Participant: 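Pasting in a structure now, in structure tokens, and then I'll have a few things to ask.
Fair warning: this is a prediction, and the values are worked out from it, not measured in the lab.
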Number of protein chains: 2
Amino acid sequence: MGRWEPDAAGRLARAALELYSERGFDQTTALDIAERAGVTERTFFRHFADKREVLFDGSSALLNAVVASIAAAPEASKPLDVMGQAMQSGTALLEERRDHARLRAVAIAAHPSLQERELLKMSTLGEASAEALRARGVPSPAAELAADAGVAVFGRGFEAWIAPGETRTLAECIGDALAELRRLTA
Amino acid sequence: MGRWEPDAAGRLARAALELYSERGFDQTTALDIAERAGVTERTFFRHFADKREVLFDGSSALLNAVVASIAAAPEASKPLDVMGQAMQSGTALLEERRDHARLRAVAIAAHPSLQERELLKMSTLGEASAEALRARGVPSPAAELAADAGVAVFGRGFEAWIAPGETRTLAECIGDALAELRRLTA
DNA sequence: GAGGTTGATGTCAGTTGCTGTCATCAGCGT
DNA sequence: ACGCTGATGACAGCAACTGACATCAACCTC
């Protein structure tokens, strides 16, 4: 490889979150981010597909963890139990970075383009989960609906977890959200 | 008003769907759409916020119908029953345009940017539904989870409805999806 | 250790999405 | 006739991205 400061992608991601938080997404150009990270604009777009993607680095790691957990679930588990467990498995990467998650969430909530991207990531997570459930023999459309329900539970649990003053862990928030969903159909 | 061919917005929406279907989203410029509709590019962006929005004209009508239905539901109904009924209420606008819905769905499925926009519309529908449920006295996070579940049911029902060879009505597809979701928690 | 390979970066020109601004022009009421 | 209003055209401009080519350090091979 060429000579480079370590972790250009990491520096870009950090710079982007800082700038989006400081002045907002619209008031930040790709050139601004690149300069703060010490690279050129072109290099920014080599590391990230677009200005939004820079905030969604870890999403594929989450997806992998969830899919692996679904595949590894006990043979006889019911679909919703599998999804609940899988969503809690993916949280290990996040539990220790609540402050970072909050900054990210504030930035995303402030701009529809970023909300769209987050929704796409969640949707992708749902589709991958549905496929993993089908691979376990869960039929359609039960697999898809269980996957959607699991993603919704994750989303609402995450939302609760980053709320100010929340003391539960992310896994607990997700577990409670799942219990709440079960109560709805009782 | 000035002198104009009737329904410029409608002609733009039609031209856009045609072009996205014919050559794809990326291969269609805003200028292409405008020219086919007989207006200038600037006029296109006066009628639609961006190149994606042009495919999502009816979404606010759907949202209004759903929210109205939630507000009008019988006093004692359970949240999930309210959502199921509301999702079926919004279908009147769509039932007679299945072919159009199919064309639209194919175009959207072909491009992530359009998927993102559709997901945002569904998310907005979910948030509005949650607020309408809260206005009925449903507490958080039950309201949000019921809303998410309702949106997921709508989405999967819609997906089934536009599948080739499907004979059920949209309302029936949604009803069946809701029944399937209930079965998951049994 | 000369030379080729590789991978990350810089440079630059170009397309396109989208916006701000001002002029125009048809109808409408007075 | 007069001015007002709402939709449009004309045009300049910024910023998001892309493709093509050059560079340059580390590494590999002989």
Participant: Grab the CZ-P distance between B/Arg52 and C/dT16 for me, whole Å please.
Facilitator: 16 Å

Participant: Heavy atoms only: give me the nearest A/Ala86-A/Ile70 pair and the separation to one decimal.
Facilitator: CB-CG1, 3.6 Å

Participant: If we only count heavy atoms from C-beta on, is the A/Met87 to A/Leu178 side-chain gap below 4.5 Å?
Facilitator: no

Participant: In this structure, how many angstroms lie between the C1' atom of C/dG17 and the CG atom of B/Leu19, rounded?
Facilitator: 16 Å

Participant: Just how far, in rounded Å, is P of C/dG20 from CZ of B/Phe45?
Facilitator: 13 Å

Participant: With respect to the phosphate group of C/dA8, does any side-chain polar atom (N or O) of A/His47 fall under 4.0 Å of OP1 or OP2?
Facilitator: no

Participant: A/Lys51 has an atom NZ; how far is it from atom P of D/dC17, in whole Å?
Facilitator: 8 Å

Participant: Polar atom pairs between nucleotides 19-22 of chain D and protein, under 3.5 Å, N or O only, would you list them?
Facilitator:
| unit_1 | atom_1 | unit_2 | atom_2 | d |
| --- | --- | --- | --- | --- |
| D/dG19 | N7 | A/Arg42 | NH2 | 3.0 |
| D/dG19 | O6 | A/Arg42 | NE | 2.7 |

Participant: B/Leu12 has an atom CG; how far is it from atom P of C/dG17, in whole Å?
Facilitator: 14 Å

Participant: Is it true that, when you exclude A/Arg182 itself, more than 12 heavy atoms of the residues, nucleotides or ligands shown sit nearer than 6.0 Å to its CZ?
Facilitator: yes

Participant: Is B/Arg104 close enough and on-axis enough to B/Phe56, meaning under 6.0 Å and within 45°, for cation-pi?
Facilitator: yes

Participant: Mind calculating the distance between CZ (B/Phe44) and C1' (C/dT19) to the nearest angstrom?
Facilitator: 14 Å

Participant: Is it the case that one hydrophobic cluster holds both B/Leu125 and B/Ile108, taking links as side-chain heavy atoms less than 4.5 Å apart, direct or via other members?
Facilitator: no

Participant: How are the rings of B/Trp161 and B/Phe158 set to each other: parallel, tilted or perpendicular (split at 30° and 60°)?
Facilitator: tilted

Participant: Taking the side chain as C-beta and beyond, is there a heavy-atom pair between B/His47 and B/Glu53 under 4.5 Å?
Facilitator: no

Participant: Tell me, which of residues 25-38 of chain A have any heavy atom that sits under 4.0 Å from an atom in DNA chain D?
Facilitator: A/Thr28, A/Thr29, A/Ala30

Participant: Between A/Leu19 and A/Arg23, does the side chain to side chain contact (heavy atoms under 4.5 Å, CB included) criterion hold? Intermediate values first, please.
Facilitator: CA-CA 6 Å; A/Leu19 287 165; A/Arg23 27 172 134 151; 3.5 Å; yes

Participant: Rounded to whole angstroms, how far apart are CG on A/Asp50 and P on D/dA16?
Facilitator: 11 Å

Participant: Examine C/dG10: is either OP1 or OP2 under 4.0 Å from a nitrogen or oxygen in the side chain of A/Thr43? Give yes or no.
Facilitator: yes

Participant: My understanding is that only residues two or more places apart in sequence, or in another chain, count here; which of them pass side chain to side chain contact (heavy atoms under 4.5 Å, CB included) with A/Ala152?
Facilitator: B/Asp148

Participant: Quickly work out the A/Asp7 CG to C/dG7 P distance and round it to whole Å.
Facilitator: 19 Å

